[in-house]
Amino acid sequence: MKKITGRPQPFGTVVEGAKVNFALRVPAGKKCELLLYREGKTRPECTFDMPEEDGIGEVRFLAVDGIDAGQYEYNFNIDGKVCLDPYVREVAGKEAFGKKRDLQKHEIRGKIVSPEYDWENDRRLHLPWNEIVAYSLHVRGFTKHSSSKVPHKGTYLGVIEKIPYLQQLGINQIQCMPVYEFEECSKTKINYWGYGPAHYFAPKEAYAAGNSAVRELKDMVKECHRAGIEVVLEMPFTEGVPAQTALECLRFYMLEYHVDGFVVNPYCVPWEMLREDPLLKDIKLMRKDDAFQNIMRRFLKGDENMVNDVIWALPHHSASDGKCNYITAQTGFTLWDLVSYDCKHNEANGENNTDGPDYNYSWNCGAEGPSRKRAVMTLRKNQVRNAFALLLLAQGTPCILAGDEFYNSQKGNNNVYCQDNETGWVDWNKLRTDDTLFNYVRELIAFRRKHPCLHRAEELKGLDRTACGVPDISYHGENAWQVKSEVYSRQLGVLYAGEDLGDTECFIAYNMHWLPHDFALPSPGREKRWCLVADTEKGFVSVPVPLEDQKKISLTERSITVLVSEKQPKKPKKTSPRPKTKKQEQKPENRRNNDKSTGAFSHDHKA
């Protein structure tokens, strides 16, 4: 190996046959050396000086010729301190999650990554926003629990092994919590979620089942694409990360890993800068927003004065602002905990229950935490089904928190950032013991997908699109075309027109009150009738059931009912009576005599 002149860009390493270029930013006045290690070793085999006078500005660079890149690892020594390359593409030494490693003892090193990978003609899927049903997961926590029953628990391969399950549910996008190389070993706790300073260009080595996180993350993306599932990465850069570095990182994952989109923190990275980037226009940019979540949670538990807010939230279109709809996310309660706890129970985090959000808009349905009371459990399950209907029957792109579809619980902990254990992992046991909620959610997703009027490609305008006298969306109450939006009202009917899309009309009645209510039904259209397809208590019917009363419908307390329109069956035409024949005009007496003789004959015959 020998040192030769290198290039100042790009930062990090570039492999070109038997030559590797190294470039990084080093403050002026500091000494810098390149350290090269044999693969897996903790003592440098070679050291190359990177003098300031050979650099440009604050960039030091060199190339090493005659090196077998796959057999070597590297670090930098800056003024006597061992430093990992900020642009490192893969890290060695951090294969075990939660095991503390010492960089100064060379226990952590950068891998020199070669770009070769067979993508097998893979491309980003470019699914329309309105066709997406997303699923938020933690790569480790999704399958780490023993109940996941996958061979490669807690890894990228574990996600691949759960793809058939995601397909069965109806998911076509996964949103992954941080998969970059973050430091999980803090002074006192495990950083399970992965937020905080990190080496953003390197995938998390501990999430790999084998010896290459780069290859396995690419495998995960490729297999998801093959199954029709997009992959979105959460990239919440911390404060202090330069905007251009963040932009460069997103471009890198988009091009190198075929990622379909990112969830970013607009407070750390300028949102408009990302939206205007010509390369990033090819992917989905998303940002978290809890407006929909808080409105629907409050409506769900029966808070007053929420009807107008719900009217604002239901037609929200995610493509316009990059904000998905969700009712639960990793920060806060799971959906089952949302209906089981009034207060957070984060004592296990060791912060005297002071961490995590205090305002969760939750309701325990009459008992705090686990309960054996049948009425409490029935109400909780009822509320969970209502929550899924609120989420999946709204126009915006829905995002489900992993495990919510089978009552996953975190025992009331609404901030499991440090719980790398069964509290923070998804427990699949409940799916095996009770799959009724899973089936209900699966049918809801299928129903949403079947009816374009529930997920239009463009924003709803409240306008008549077909000159038929019915706008694309309209709101109703106890009287048709009149919304009862007083402070005390907790009821709303929503009519989605579908004729311009070749769809039926859909009417959804929401009664979040603790009392039953009647809803007046708007006309479904000429020669059409309303049919029941689903309600909170019974779920989906196998065949739509025509309503006996086409003018109104009664909803029980805390329930949602879904109707669709269908064409009225044609009534049989009335035929004019035929003229009577002489035999038909026979006198009654003779007819009776004939009947008697027939009866006698039959009697004699039987005898």
Side-chain angles (χ1 to χ4, degrees), residues 133-138 141-151 153-154 158-175 224 227-229 300 326-329 333-340 365 369-393 398-411 422-450 532-543 558-562:
V133 177
Y135 192 85
S136 176
L137 59 85
H138 185 287
F142 185 49
T143 61
K144 186 61 179 174
H145 198 283
S146 60
S147 60
S148 71
K149 302 299 182 183
V150 299
K153 295 177 176 61
V159 175
I160 294 175
E161 289 155 358
K162 282 294 185 182
I163 285 177
Y165 169 82
L166 297 172
Q167 289 178 299
Q168 185 183 5
L169 183 59
I171 300 300
N172 57 8
Q173 183 187 92
I174 58 172
Q175 297 182 7
C224 282
I229 300 172
L300 175 69
Y326 59 93
I327 290 183
T328 52
F333 285 136
T334 67
L335 188 51
W336 183 246
D337 289 354
L338 187 72
V339 300
S340 302
C365 298
S371 175
R372 293 184 177 181
K373 294 181 179 179
R374 181 176 297 180
V376 171
M377 295 299 289
T378 299
L379 180 54
R380 285 177 180 175
K381 292 183 177 183
N382 182 86
Q383 288 291 81
V384 167
R385 290 192 295 271
N386 282 339
F388 272 112
L390 288 169
L391 176 65
L392 291 167
L393 298 179
C399 184
I400 298 170
L401 178 63
D404 274 354
E405 71 277 14
F406 49 81
Y407 307 116
N408 185 56
S409 173
Q410 294 172 174
K411 304 172 185 177
E422 292 191 354
T423 299
W425 302 337
V426 174
D427 183 352
W428 295 81
N429 281 313
K430 290 187 178 180
L431 178 62
R432 269 183 284 278
T433 57
D434 182 1
D435 64 356
T436 53
L437 179 61
F438 169 83
N439 288 324
Y440 174 73
V441 175
R442 178 176 56 81
E443 290 177 303
L444 257 179
I445 293 172
F447 181 78
R448 173 189 176 89
R449 197 156 278 148
K450 178 181 177 181
L532 173 72
V533 291
D535 63 26
T536 301
E537 181 183 1
K538 298 177 182 177
F540 281 83
V541 298
S542 56
V543 178
R558 300 187 187 278
S559 67
I560 297 172
T561 293
V562 183

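Residue numbers start at 1 and run along the sequence shown. Just so you know, these numbers use all the heavy atoms, side chains as well, and skip hydrogens, waters and symmetry mates.
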- Message: side-chain contact (heavy atoms from CB on, under 4.5 Å) for Phe447 and Leu392? Distances and angles first, verdict last.
- Response: CA-CA 9 Å; Phe447 181 78; Leu392 291 167; over 6 Å; no
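- Atom-to-atom distance recorded for Leu390:CG and Ile560:CD1 is 4.0 Å, nearest 0.5 angstrom.
- By the neighbour-count criterion of 12 heavy atoms within 6.0 Å, atom CZ of Arg432 is densely surrounded, having more than that number from other residues, nucleotides or ligands.
- Remark: Arg448 engages Val133, Pro398, His455 in a side chain to side chain contact (heavy atoms under 4.5 Å, CB included) (not counting sequence neighbours).
- For an aromatic pair to be called close, the ring centres must be under 6.0 Å apart, and Phe142 with Tyr135 satisfies this.
- A salt bridge links Asp434 to Lys381: at least one charged side-chain nitrogen sits closer than 4.0 Å to a carboxylate oxygen.
- Here the CD atom belonging to Gln173 is positioned 10.0 Å from the OG atom belonging to Ser136, to the nearest 0.5 angstrom.
- Annotation: side chain of Gln383 is in contact with side chain of Leu300 (closest heavy-atom distance under 4.5 Å).
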- Task: Please step through side-chain contact (heavy atoms from CB on, under 4.5 Å) for the pair Phe388 and Leu444, ending with a clear verdict.
- Result: CA-CA 8 Å; Phe388 272 112; Leu444 257 179; 3.9 Å; yes
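- Side-chain N/O atoms of Asp404 and Thr334 include no donor and acceptor closer than 3.5 Å.
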- Could you go through the side-chain contact (heavy atoms from CB on, under 4.5 Å) check for Ile174 and Cys224 one step at a time? CA-CA 9 Å; Ile174 58 172; Cys224 282; 3.9 Å; yes
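- Here the CG-CG distance, from Leu379 to Asn386, works out to 9.0 Å after rounding to the nearest 0.5 Å.
- Minimum heavy-atom separation, Ala389 to Tyr440: CB-OH, 4.0 Å.
- A distance of 3.5 Å separates CD in Glu422 from NE2 in His145, rounded to the nearest 0.5 Å.
- Remark: Ser148 pairs with Thr143, Val150, Lys153, Lys162, Trp428 by the side chain to side chain contact (heavy atoms under 4.5 Å, CB included) rule, at least two apart or across chains.
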- Begin from the C-alpha positions of Ile163 and Ile229 and carry the test side-chain contact (heavy atoms from CB on, under 4.5 Å) through to its verdict. CA-CA 9 Å; Ile163 285 177; Ile229 300 172; 4.2 Å; yes
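- In Gln167, the CD atom is crowded: over 12 heavy atoms of neighbouring residues, nucleotides or ligands sit closer than 6.0 Å.
- Atom CG of Asp427 and atom OG of Ser147 lie 4.5 Å apart (nearest 0.5 Å).
- The minimum heavy-atom distance between Pro151 and Glu161, with the atom names listed, is CD-OE1, 3.2 Å.
- Residues forming a side chain to side chain contact (heavy atoms under 4.5 Å, CB included) with Ser340 (at least two apart in sequence, or on another chain): Trp336, Arg380.
- Phe438 is listed as a side-chain neighbour of Tyr165, based on a closest heavy-atom distance under 4.5 Å.
- At least one side-chain heavy atom of Leu338 sits under 4.5 Å from a side-chain heavy atom of Ile327.
- Of the candidates Leu169, Leu431, Asn439, Ile445, Leu169 is the only one forming a side chain to side chain contact (heavy atoms under 4.5 Å, CB included) with Glu405.
- Val426 is listed as a side-chain neighbour of Phe406, based on a closest heavy-atom distance under 4.5 Å.
- For the 3.5 Å distance criterion, the side chains of Asp337 and Ser409 qualify, holding a donor opposite an acceptor.
- In terms of heavy atoms, Ser371 sits closest to Met377 at O-SD, 3.4 Å.
- A distance of 9.0 Å separates CG of Leu335 from CG of Leu391, quoted to the nearest 0.5 Å.
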